[in-house]
Amino acid sequence: FEMLTVRPDGTDDTPVSAFSTCAGATMPIRWAPDASSIAFRADPAWNGDLALYTTWPDTFTELTNVSGPSTPGGAVEEFEWAPDGSRLAYRSDEETDSQYQVYTVAPDTVWVTTGGVATGPVLVIDKYRINGTLDSGANVESFRWSPDSLFVAYYVEAADPDIHGLRRALFNGTWHVKLSEGLDPV
């Protein structure tokens, strides 16, 4: 199947991405706040590796995998546009299976491969892990952007009380501040 944009009156349906090569799970689909881009999760190989993709809303284009490669079985669980549309934040277990962390990435991130071989080492441009290093068993459970798109607040569930709690950091993973200790959100 394919993704289309359509005017409210049902006219002018425009294909924006063919999913014949990306036919796995594709929900949810979210517009950038300025309507310049569409982001969605997809599993093109049907192997449980849900990645975050973007595409342009007004023309047929190739999909851009902005989250990049992950561990086998890794998945983008949730994502959210920054209020100004400059970045996407997402929660994923891309580094360690079943350990969820939060990342931000520019919606037009380009993945470069060595020698043009897609299976070679990759270099990501303009992507950051927001939370610091997590102990085994610790997970980022939720996150939200600040209204000015500069900060991401995130909640870490962990047995260690020094790690457990609500925190915030700049969009580039710096300037961490612990906002709560031992409090669980309701």
Side-chain angles (χ1 to χ4, degrees), residues 25-43 48-55 57 64-71 73-111 122-186:
T26 58
M27 294 296 184
I29 297 169
R30 297 200 175 114
W31 284 90
D34 65 359
S36 66
S37 188
I38 298 171
F40 57 96
R41 295 182 317 154
D43 178 8
D49 295 345
L50 280 166
L52 183 60
Y53 289 84
T54 59
T55 190
T64 301
N65 177 341
V66 294
S67 58
S70 65
T71 59
V76 172
E77 289 295 317
E78 62 179 304
F79 66 95
E80 180 178 295
W81 284 98
D84 68 1
S86 63
R87 303 188 71 75
L88 287 153
Y90 66 95
R91 192 173 71 93
S92 174
D93 63 343
E94 66 185 49
E95 292 182 48
T96 305
D97 192 30
S98 299
Q99 184 176 49
Y100 291 92
Q101 303 188 71
V102 67
Y103 304 84
T104 67
V105 65
D108 55 354
T109 292
V110 177
W111 289 90
V122 294
L123 169 68
V124 66
I125 302 165
D126 203 15
K127 175 180 172 180
Y128 304 98
R129 184 177 67 203
I130 298 303
N131 55 274
T133 303
L134 297 178
D135 291 343
S136 179
N139 280 295
V140 173
E141 296 294 324
S142 62
F143 67 90
R144 288 295 173 259
W145 281 102
S146 63
D148 62 4
S149 301
L150 288 177
F151 295 96
V152 176
Y154 59 97
Y155 180 75
V156 178
E157 181 72 39
D160 183 342
D162 290 334
I163 297 171
H164 183 88
L166 182 64
R167 299 171 177 272
R168 73 106 174 103
L170 276 172
F171 72 90
N172 63 1
T174 63
W175 201 15
H176 293 261
V177 174
K178 188 169 186 178
L179 303 172
S180 74
E181 190 156 333
L183 299 175
D184 290 333
V186 177

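In this chain, numbering begins with 1 at the start of the sequence shown.
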Check Gly85 against Pro33 and note the closest heavy-atom contact, atom names and distance. CA-CD, 3.7 Å
Is the side chain of Arg87 donor-acceptor paired with the backbone N or O of Leu150 at a distance under 3.5 Å, no angle test? no
Go through the structure and list residues passing side-chain contact (heavy atoms from CB on, under 4.5 Å) with Ala89, not counting sequence neighbours. Thr104, Phe143, Trp145
Mark yes or no for whether Arg30, through its side chain, and Phe79, through its backbone, hold a donor-acceptor pair below 3.5 Å. yes
Donor-acceptor contact below 3.5 Å, side chain Asn139 vs main chain Glu157: no
Test your reading of the model: is there a side-chain donor-acceptor pair from Arg167 to the backbone of Val156, 3.5 Å cut-off? no
I'd like to know whether Ser67 forms a side chain to side chain contact (heavy atoms under 4.5 Å, CB included) with Asn65, so could you lay out the CA-CA distance, the side-chain angles of the two residues, the decisive distance to 0.1 Å, and finally the verdict. CA-CA 6 Å; Ser67 58; Asn65 177 341; 3.3 Å; yes
Spell out, as yes or no, whether a donor-acceptor pair under 3.5 Å connects the side chain of His164 to the backbone of Ala138. no
If you take all heavy atoms of Ala39 and Leu52, which pair is closest and at what distance? CB-CD1, 4.4 Å
Go through the structure and list residues passing salt bridge (Lys or Arg N to Asp or Glu O under 4.0 Å) with Arg129, not counting sequence neighbours. Glu95
Could you label the plane-to-plane angle of the Tyr90 and Tyr103 rings as parallel, tilted or perpendicular, counting under 30° as parallel and over 60° as perpendicular? parallel
Would you say Phe40 and Thr55 make side-chain contact, with heavy atoms under 4.5 Å? yes
With no hydrogens and no angle check, is any side-chain donor or acceptor of Asp43 less than 3.5 Å from a backbone partner on Leu50? no
Return yes if some donor-acceptor pair links the side-chain N/O of Gln101 with the main-chain N/O of Val140 below 3.5 Å, else return no. no
Answer yes or no: is there a donor N or O on one side and an acceptor on the other, between the side chain of Thr54 and the main chain of Pro107, under 3.5 Å? yes
Mutual orientation of the aromatic rings belonging to Phe151 and Trp175 [parallel < 30°, tilted 30-60°, perpendicular > 60°]: tilted
Mind checking the CD-CG spacing from Glu94 to Asp49? Nearest 0.5 Å is all I need. 11.0 Å
Any donor-acceptor pair under 3.5 Å from Ser180 side chain to Leu166 backbone: yes
Taking salt bridge (Lys or Arg N to Asp or Glu O under 4.0 Å) as the test, write out the residues that go with Arg144, two or more places apart. Glu78, Glu80
